[in-house]
Amino acid sequence: MFRNVAELVALAEQKSCKIAHIMIEQEMQVAQLTREEVIERMGRNLDVMEQAVERGLSGVKSHSGLTGGDAVKIQQYVQAGKMLSGYTIMDAVSKAVATNEVNAAMGLICATPTAGAAGVVPGVLFALKEKLNPSREQMIEFLFTAGAFGLVVANNASISGAAGGCQAEVGSASAMAAASVVELVGGTPRQAGHGMAIALKNLLGLVCDPVAGLVEVPCVKRNAMGAAVAMVAADMAMAGVESVIPCDEVIEAMFRIGQAMPMTMKETALGGLAATPTGVRLKQEIFGTEPSKVVSS
Amino acid sequence: MKYRSVFDIIGPIMVGPSSSHTAGAAKIGRLARSIFGKQPKQVDVFLYGSFAETHKGHATDVALIAGVLDFDTDDDRLPQALVLAEQAGVEVKFFIEDAVPEHPNTARIRLIDGGEQLEVVGISIGGGKVEIVELNGFELRLSGACPAILILNHDRYGVIAGVTQILSREEVNIGHMEVSRKEKGQMALMVIETDDRIAEQVINEIRDLTGVSRVLRMED
């Protein structure tokens, strides 16, 4: 079992195979399942991701009313050809937002690695589906590669906003997506590791400050940024750019930053954007009128 | 290694918005129903800590009731659970508690059907993982990851041996076992997690043992 990115990359290099295949084989051993069973299960996750993207792009609204409808706006803007940064990046952004708007609206999603960060990986994947027309097998492999890198982060740092801030959720998701993009477009395992490191480095220190304690503001828009960072990091890695700090040391840094972060910045809704005048007002508007004892009967 | 499966990272499939406050809450409700063994006529839910603060926004209340109705975390009926409970004739009440719980995400669920009553306290520990920490006033630690039986018995010698002898004869392997009591010589609780599901006739045999007053089954 690989413990870090260096071991994961070394395993893939030794066997001259994709990181996705290392992950599939390990899962077969851990879960005592056949290759077909493991792949079929990931296929179900892929289907749920696709349905969430489609649903979000058709427009949803959350129960609190704080989020919803932005994915539609972004997609219309992209289709009108007005974007400044590039079609695929903005397409990924709209699909990441779509997924997280569905999450906020209590729709069906696949936690990747968490519910609050569920938009990044599918956003990037379904934008590339349109650009590169990958096979279903390649798309499923994309998710195994993302999962392999995510396992390393989960075991050596954290994938929980309450434990490590938003860097652990959207940061992890963005890094996982970057590595998977590199592998999808034919990069080496080593390049995938650099893509992962470049993305994660740029989201280090990101605080988890949900307004009113809800995974809506700023979470939905941070999924958008996570998708954009993943695309740029993957492009940089494919261009041959390397992370000066090795990937495992970046993950270690993320762990230490998470430990040093004050509690107010780790999903307590006591600091950051949650503590702004508007954040406090929104909390009051959403929860403030609630009777203190029997709510409904 | 805290995480071993790729599906801990890519997954679970769930109704949003929060893995701990929505998916975890649904699992707690479903475990409580599983222990009760049937759909209750009345449910009282007491919310503590973060559950008390944000249950509306994260639909923690709705998800708990969805679990009591036996819905899984990815059931698309989950958001309508309160309406569906009413239609099914299940009376639901929520109570917001001020008490500071040991774990921030804590719910106490009381399931009632006529004279039958069961009270369960569950905590949501993150990423959709949960534990049952109290049952009818007895402390315990139960994750729901394995099949389990819960045995309420008189606190006297030989009862535990009687139960384990039956399991041994039936070649049921015990993965984890806990015994607790509120007061010496009074009622006690045995929690036995097993590798495989225990057959109904074996449970009936345990139920007939001297000193055993109630046997509940919990399945994942």
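Please read all numbers here as calculations on a predicted model, not as lab measurements. Each chain gets a letter, A, B and so on, in the order its sequence line appears, and its residues count up from 1.
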Chain A interface, residue from [options] that has the most non-hydrogen pairs under 4.5 Å:
options: B/Ser18, B/Pro12, B/Ala59; value: B/Pro12
options: B/Pro17, B/Ser50, B/Pro79; value: B/Pro17
options: B/Ile13, B/Thr22, B/Thr54, B/Asp76; value: B/Ile13
options: B/Ser19, B/Ser5, B/Gly128; value: B/Ser5

Pick from [options] with the largest number of heavy-atom pairs that fall under 4.5 Å of chain B:
options: A/Leu151, A/Ile159, A/Leu143; result: A/Leu151
options: A/Asn45, A/Val38, A/Val30; result: A/Asn45
options: A/Ser64, A/Ala104, A/Gly107, A/Ala146; result: A/Gly107
options: A/Thr112, A/Leu108, A/Ile24; result: A/Leu108

**Asked** Between A/Arg281 and A/Glu285, is there a side-chain N and carboxylate O pair less than 4.0 Å apart?
**Response**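 A/Glu285 and A/Arg281: salt-bridged.
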**Request:** May I ask you to decide whether B/Glu116 forms a salt bridge with B/Lys38, counting only side-chain N to carboxylate O separations under 4.0 Å?
**Result:** yes
What part of [X] is in contact with chain B, defined as an atom under 4.5 angstrom from a non-hydrogen atom: side chain, backbone, both or neither?
X: A/Met106; answer: both
X: A/Met49; answer: side chain
X: A/Phe149; answer: neither
X: A/Ala118; answer: neither

Any chance [atom1] of [X] has more than 12 other-residue heavy atoms, nucleotides or ligands included, within less than 6.0 Å?
X: B/Lys41; atom1: NZ; value: no
X: B/Glu139; atom1: CD; value: no
X: A/Glu37; atom1: CD; value: yes

**Request:** Answer yes or no: is there a donor N or O on one side and an acceptor on the other, between the side chain of B/Arg30 and the main chain of B/Asp70, under 3.5 Å?
**Result:**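 It does hold such a pair.
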**Message:** Taking A/Met263's backbone N and O only, do any of them form a donor-acceptor pair with A/Thr268's side chain (distance below 3.5 Å, no angle check)?
**Reply:** yes
**Asked** Hey, what's the ring geometry for B/Phe46 with B/Phe95, parallel, tilted or perpendicular (30° and 60° as the breaks)?
**Response** parallel
